[in-house]
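Take a look at the structure set out below.
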There are 4 protein chains.
Amino acid sequence: MPTSPADHESEHDAARPRRERRKEARPGELLDAALTLFVEKGFAATRVEEVAARAGVSKGTLFLYFPSKEDLFKAVVRENIAGRFDEWNQELEAFDGSSADLVRYCLHSWWERIGMTPASGITKLVMSEARMFPELAAFYEHEVIEPGDRLLRRVLERGISRGDFRPTNLDYAVYSLISPMIFLLMWKHSLGPCCPSTREIDPVQFIDTQVDLILHGLVATPHTLSS
Amino acid sequence: MPTSPADHESEHDAARPRRERRKEARPGELLDAALTLFVEKGFAATRVEEVAARAGVSKGTLFLYFPSKEDLFKAVVRENIAGRFDEWNQELEAFDGSSADLVRYCLHSWWERIGMTPASGITKLVMSEARMFPELAAFYEHEVIEPGDRLLRRVLERGISRGDFRPTNLDYAVYSLISPMIFLLMWKHSLGPCCPSTREIDPVQFIDTQVDLILHGLVATPHTLSS
Amino acid sequence: MPTSPADHESEHDAARPRRERRKEARPGELLDAALTLFVEKGFAATRVEEVAARAGVSKGTLFLYFPSKEDLFKAVVRENIAGRFDEWNQELEAFDGSSADLVRYCLHSWWERIGMTPASGITKLVMSEARMFPELAAFYEHEVIEPGDRLLRRVLERGISRGDFRPTNLDYAVYSLISPMIFLLMWKHSLGPCCPSTREIDPVQFIDTQVDLILHGLVATPHTLSS
Amino acid sequence: MPTSPADHESEHDAARPRRERRKEARPGELLDAALTLFVEKGFAATRVEEVAARAGVSKGTLFLYFPSKEDLFKAVVRENIAGRFDEWNQELEAFDGSSADLVRYCLHSWWERIGMTPASGITKLVMSEARMFPELAAFYEHEVIEPGDRLLRRVLERGISRGDFRPTNLDYAVYSLISPMIFLLMWKHSLGPCCPSTREIDPVQFIDTQVDLILHGLVATPHTLSS
DNA sequence: CATGAATGAGAGTTCATTCAT
DNA sequence: TATGAATGAACTCTCATTCAT
C-alpha cells in the first residue's frame with residue numbers, strides 16, 4: 001500500500017503511541033496553543049482544529065476539556081491572569097526603598113513577569129475582543145484592571161504619605177502608569193510583529209523614560225508651564 | 001473620472017429633494033456603517049448583511065461597490081486615515097507660540113479631530129486586526145504612524161532648536177506622546193464601553209496631565225532620581 | 001476543460017436555471033420533503049441536506065426558510081394537522097342520516113382524507129418522536145387529539161340523544177373508534193412497508209369490520225358475556 | 001455453552017454477597033438500560049454512554065459485549081421478544097372454558113405479562129424504528145407478529161369449531177384483537193407520558209370494552225346495519 | 001443600478017468506536 | 001475484563017458571494 005499516508009511514519013508510531021494517556025497535561029497544552037493563536041489571529045479567526053493541532057491532539061479531544069470554543073477562550077483568560085496580585089501586594093508591603101524606586105520596580109517587574117511573556121497577549125486579546133465578549137471584559141476588569149488599579153494607587157499613596165511624592169490626583173497618576181504598559185503591549189502584539197521594518201522599541205528603555213517622566217511630575221515642585 | 005460611481009448624477013440631487021437617497025453617497029454610507037461595525041465587533045464578527053442593512057441597502061449592493069468583505073475592510077481603513085497631516089504640517093509651520101504650547105496644541109487637536117470622533121475607531125480596528133491583515137498594518141504604518149512620527153519629531157526638534165526643550169532621545173520622546181493617545185483610544189473603544197461601571201476618564205484632563213508630565217521632562221533641568 | 005464536473009450538463013442549465021426565484025413555493029416543497037423523510041427515517045436519522053436535496057434546493061436554502069432542523073420538524077407537524085376539524089364539524093352538523101351511517105362516514109372519510117394520504121405520516125411521526133419533543137406532543141394533543149376526541153364524542157352523543165345508540169361510557173367508545181385508526185396508521189407507516197411479505201390489509205374492509213363491531217356494541221341490547 | 005459471558009462465575013456469586021456486581025449480569029443490565037432508553041428516546045437519540053452509565057459500567061465495557069450500537073439495538077429487540085408463545089400455546093391447549101373466556105383471557109394475560117411491563121416498549125420501539133431497521137422489523141414480524149397471529153387465529157378457530165363463534169373472516173377478526181393492544185402500547189409509551197393532562201385510560205377497562213365488542217361480533221347473529 | 005434568493009465551502013460540535021493501559 | 005482518553009467522520013448551521021431578474 002504505497003499510497004497510504006500513514007506508512008512513511010509507521011516506525012515512529014510504536015515509539016510514540018498515538019493514544020498516550022496524559023490527561024493532566026492536556027488542558028495546559030491546549031490553553032497554551034489557544035493563547036498563541038487567539039493573540040495572533042483573534043478569537044473568530046482561530047479555528048479550534050488549529051488549536052487542537054498545535055497542542056498535538058485532535059479536534060474532538062479539545063472538546064473533552066472545554067465544552068465550547070467560547071469556554072476555551074474564557075479559560076485562556078482565566079488561566080493567564082491568575083492572582084499574581086497577591087505576590088505583588090506582598091512585595092509592595094515588604095518594599096522598603098524609596099517610593100521612586102518602588103514605582104520603577106513595579107513597571108519593570110510588570111514587564112518581566114507579564115509584558116515580555118506570552119501572558120501579555122491576554123490583554124491585547126481582551127482589548128480586541130471586548131466588544132464581542134462583554135461578559136469577559138467585565139471579568140477582566142474585575143480580575144485584572146481593578147486589582148492593578150488598587151495596587152498602583154497604594155504605591156502612590158505610600159509615596160505621598162511618606163512625603164516622597166507631592167499630593168496629586170491619583171486617578172490620572174495611575175493612568176499615567178498604565179498608559180505606557182498598554183502602549184508596549186499593543187506594540188508588541190499588533191503593529192510591531194506586522195511592521196518589522198519599524199524602528200525597534202527597547203521596552204526597558206521606554207519604561208525607564210516613562211518612569212522618569214512620571215517621577216519628575218510626582219516629586220518636582222509643581223511649576224506652571226505657560227500656556 | 002468616469003469610473004467613479006459617485007459622479008454621473010450629482011447635479012440632479014438638488015432637484016430631487018427627498019426620496020431617492022443620493023446614489024453617489026452609497027459608498028460613503030457603506031464605509032461609515034462598516035467602520036462602526038468593524039470597530040464594535042471586529043472584522044470576522046461583522047456580517048456584510050449588517051453593514052448593508054445599516055447603510056440602508058441590500059447585501060448585493062454592497063458587493064457592487066466592494067468586491068469582497070476584505071476589500072471593504074481595506075477601503076474602510078484607507079478611507080479613514082486620510083491625510084490630515086498636510087493640514088497639521090501647515091499648522092505646525094505657521095505656529096508661532098511656545099514649543100510647549102505647540103505640543104499641547106498637537107495632542108488636544110488630535111483629540112478633537114480624531115480621538116473623540118468615530119475616526120479614532122480605525123486605530124483600534126487596525127491594532128485589533130493587524131495580525132490578520134499585515135498588508136493593512138503596513139499601509140497604516142506608512143500612512144499614519146510614520147507621518148505622525150515625523151510630525152511629532154519635527155515639533156520636538158523645533159523646541160530643541162529654539163532652545164525651548166533640552167536635547168533628548170527623540171524616539172522615546174515621541175513614544176511618550178503617542179502612548180497616551182493609544183491609551184485613550186483603547187479605553188474609548190474597548191474596555192470603556194463594556195465596563196460602564198468603571199471610573200470615567202476625562203480625556204482632556206488626561207491629556208493635560210500627560211502633556212504636563214512630558215513637558216516637565218522636556219524642559220526641566222535633568223535631575224537624577226536615585227535608584 | 002474536460003475534467004470540470006459542471007460541463008456535462010451545461011446545456012441543461014440554460015433550460016432550467018439553477019437560481020429560479022420561487023420563494024413562495026419553497027417552504028411547501030421543503031415541508032413535503034421533510035414529512036416524507038421524517039416519517040421514513042425518524043427525526044434524528046434524517047439529514048437536513050437530504051431534505052433540501054429532495055426539495056431540489058441546497059442545504060443553505062433550507063435554513064433560509066426554517067431557522068433550524070427542529071423548527072423544520074415543528075413546521076412539518078403544524079402544517080399537516082391544519083384544522084380539518086372545522087370542515088368535519090360542519091359536516092357533522094349537516095348530516096341527517098342515521099347515527100350508524102354517521103359513524104361509518106367518519107371513519108371512512110378519515111381514511112380518505114388523512115389515513116391514505118401522506119398526512120397520516122404525521123401521526124406516526126409524532127408517536128415515534130413524542131418523547132423527544134414533548135412540546136410538540138402537547139401541541140399535537142391540543143390540536144388533533146382533543147378536537148378529534150370532541151368530534152367523535154359529539155357523534156356518539158348525537159346517536160344517544162336520538163335514541164340510535166344506547167347510553168354508554170363515551171370515553172371508551174371513543175377509544176374504540178380511535179384504536180383502529182392508529183392500527184392502520186402504524187401498519188401503513190411502520191411494519192407494513194418493511195414486511196411486504198405480510199398478508200395485505202385492506203383498510204376499507206378493516207374499517208368496515210371495526211365499525212360493524214362498534215355499532216353492534218352501540219346499538220345492541222347489552223347482554224352479559226359470562227366471564 | 002462456553003461462549004456465554006454469563007456462565008463461568010455464577011457459582012461464586014452467593015459466596016461474594018456484596019461488592020463485585022455479578023459480572024455475568026452485565027449484558028442483561030446493559031440490555032435493560034438500553035431498552036429503557038431506546039423506548040424513551042429512540043435509537044438515534046440514545047447515546048451509548050448513557051446506556052453504559054445507567055448499567056453502571058463504562059462506555060468501553062459496553063463495546064465488550066456488543067460490537068456496535070446497532071448490535072446492541074438488535075440484541076435488545078431479540079432479547080425482549082422472547083417466545084412466550086410456547087407458554088401461551090400450552091395454556092391455549094389446556095384451556096377448557098368457553099371461547100369467549102379464552103379470548104378475554106388472552107388479552108388480559110397479554111396486558112399483564114407484556115403490555116404493563118417494560119417489555120411492551122419493544123413493540124413501540126420496533127414500530128418507531130422499523131423503517132430504519134427493516135431487518136429487525138422482519139425479525140419482529142417473524143418472531144412476534146406471525147406467532148401471535150397464529151395463536152389468535154387458533155383461538156378463533158377453536159371457537160368456531162366448537163360452535164361458540166359464528167364463521168367469520170379470520171384475518172380481520174385477528175386485527176380486531178391486535179388493534180387495541182397497539183393502541184394501548186402507543187398510548188403508554190408515546191402520547192401518554194408526554195401529555196399528563198390527558199384523561200387517563202384504564203387499560204383493563206379498555207380491554208374489557210374491546211373484548212365485549214369483539215365477542216358481540218363473534219357470537220351475535222349477524223344483523224345488518226343499514227348503510 | 002439594485003435586489004435578495006440561492007449557493008456551498010467551512011466552522012463548531014457530537015458521539016460511536018478504538019485501544020493502550 | 002474493564003476503563004476512559006482519544007479519535008475523526010458526520011452533522012447542523014453560518015455567511016460571503018453570485019446572479020437572474
Side-chain angles (χ1 to χ4, degrees), chain A residues 14 17-26 44-52 56-72, chain B residues 5 8-9 23-24 26 44-53 56-72, chain C residues 13-14 17-26 44-52 56-72, chain D residues 5 8-9 23-24 26 44-52 56-72:
Chain A
R18 300 259 290 295
R19 312 222 169 151
E20 321 171 43
R21 214 74 82 61
R22 295 187 303 155
K23 187 172 189 186
E24 326 72 40
R26 288 278 179 259
T46 298
R47 280 171 303 122
V48 294
E49 196 159 18
E50 259 183 300
V51 175
V57 298
S58 75
K59 204 176 11 167
T61 301
L62 188 150
F63 286 96
L64 233 46
Y65 297 97
F66 305 97
S68 76
K69 189 186 182 186
E70 198 164 332
D71 285 298
L72 173 64
Chain B
H8 64 291
E9 278 201 339
K23 281 180 182 178
E24 73 290 355
R26 286 282 157 67
T46 297
R47 287 175 312 136
V48 294
E49 194 159 21
E50 259 182 300
V51 175
V57 299
S58 74
K59 207 173 10 168
T61 303
L62 187 150
F63 284 93
L64 235 44
Y65 293 103
F66 306 96
S68 77
K69 188 186 180 185
E70 201 159 317
D71 286 300
L72 171 64
Chain C
D13 282 338
R18 299 259 290 297
R19 310 220 171 158
E20 321 171 42
R21 215 71 84 63
R22 295 188 302 154
K23 186 171 188 185
E24 327 72 36
R26 288 276 179 261
T46 298
R47 280 171 303 123
V48 294
E49 197 159 18
E50 259 182 299
V51 175
V57 300
S58 75
K59 203 176 16 169
T61 302
L62 188 150
F63 287 96
L64 234 46
Y65 297 98
F66 304 96
S68 76
K69 189 187 180 185
E70 198 163 330
D71 285 299
L72 172 64
Chain D
H8 64 292
E9 277 200 338
K23 281 180 179 175
E24 72 291 356
R26 285 282 158 65
T46 297
R47 287 174 312 130
V48 296
E49 195 158 21
E50 257 183 299
V51 175
V57 300
S58 74
K59 207 174 10 170
T61 303
L62 187 150
F63 284 93
L64 235 45
Y65 293 103
F66 306 97
S68 78
K69 188 188 182 186
E70 202 160 316
D71 286 301
L72 171 64

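In what follows, chains are A, B, ... by sequence order, proteins preceding strands, each numbered from 1.
Residue A/Tyr65 places none of its side-chain N or O atoms closer than 4.0 Å to OP1 or OP2 of F/dA5. For E/dG8, the OP1/OP2 oxygens have no side-chain nitrogen or oxygen of C/Lys59 closer than 4.0 Å. Side-chain N/O atoms of A/Thr61 include none lying less than 4.0 angstrom from OP1 or OP2 on F/dA5. Not one side-chain nitrogen or oxygen of B/Ser58 sits closer than 4.0 Å to the OP1 or OP2 atom of E/dA2.
With rounding to whole Å, C/Leu62 atom CG is found 14 Å from F/dC11 atom C1'. One atom, CZ of C/Arg26, and another, P of E/dA5, lie 11 Å apart when rounded to the nearest Å. Spacing between atom CZ of D/Phe66 and atom C1' of F/dA2 amounts to 15 Å, rounded to whole angstrom units. At whole-Å resolution of the value, CG in A/Asp71 and P in E/dT13 are 9 Å apart. The distance from atom CZ of A/Phe63 to atom C1' of F/dC11 is 13 Å, rounded to the nearest whole Å. Atoms NZ (A/Lys69) and P (F/dT14) sit 15 Å apart, rounded to a whole Å. As a whole-Å value, the separation of A/Glu49 CD from F/dA9 P is 10 Å. Summarising the geometry, the separation between CG on D/Leu72 and P on E/dT17 is reported as 10 Å, rounded to the nearest angstrom.
Across all non-hydrogen atoms, the minimal contact from D/Ala44 to C/Ala44 is CB-CB, 3.3 Å. For A/Asp71 against A/Phe66, the heavy-atom pair with the smallest separation is O-CD2, 4.5 Å. The heavy-atom pair separating D/Ala45 from D/Glu50 by the smallest distance is O-OE1, 4.3 Å.
Minimum atom distance to the side chain of D/Arg47 is reached by E/dC15, of the listed E/dG12, E/dC15, E/dA2. Taking only side-chain atoms of A/Val48, from C-beta outward, the nucleotide of F/dA6, E/dT7, E/dG12 with the closest atom is E/dG12. For C/Leu64, counting side-chain heavy atoms from C-beta on, the closest listed nucleotide (F/dT7, E/dT17, E/dA6) is E/dA6.
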* **Working for side chain to side chain contact (heavy atoms under 4.5 Å, CB included), residues C/Phe63 and C/Val48** => CA-CA 9 Å; C/Phe63 287 96; C/Val48 294; 4.0 Å; yes
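Across all strands shown, F/dT21 forms a Watson-Crick or G-U wobble pair, both distances under 3.5 Å, with E/dA2.
Ranked by how close their nearest DNA chain F nucleotide is to the 5' end, C/Pro67 and B/Gly60 are led by C/Pro67. Each of C/Glu70 and B/Ala44 lies near DNA chain F, and the nucleotide nearest C/Glu70 is the one positioned closer to the 5' end.
Within the 3.5 Å criterion, the main-chain N or O of D/Thr46 finds a donor-acceptor partner in the side chain of D/Lys69.
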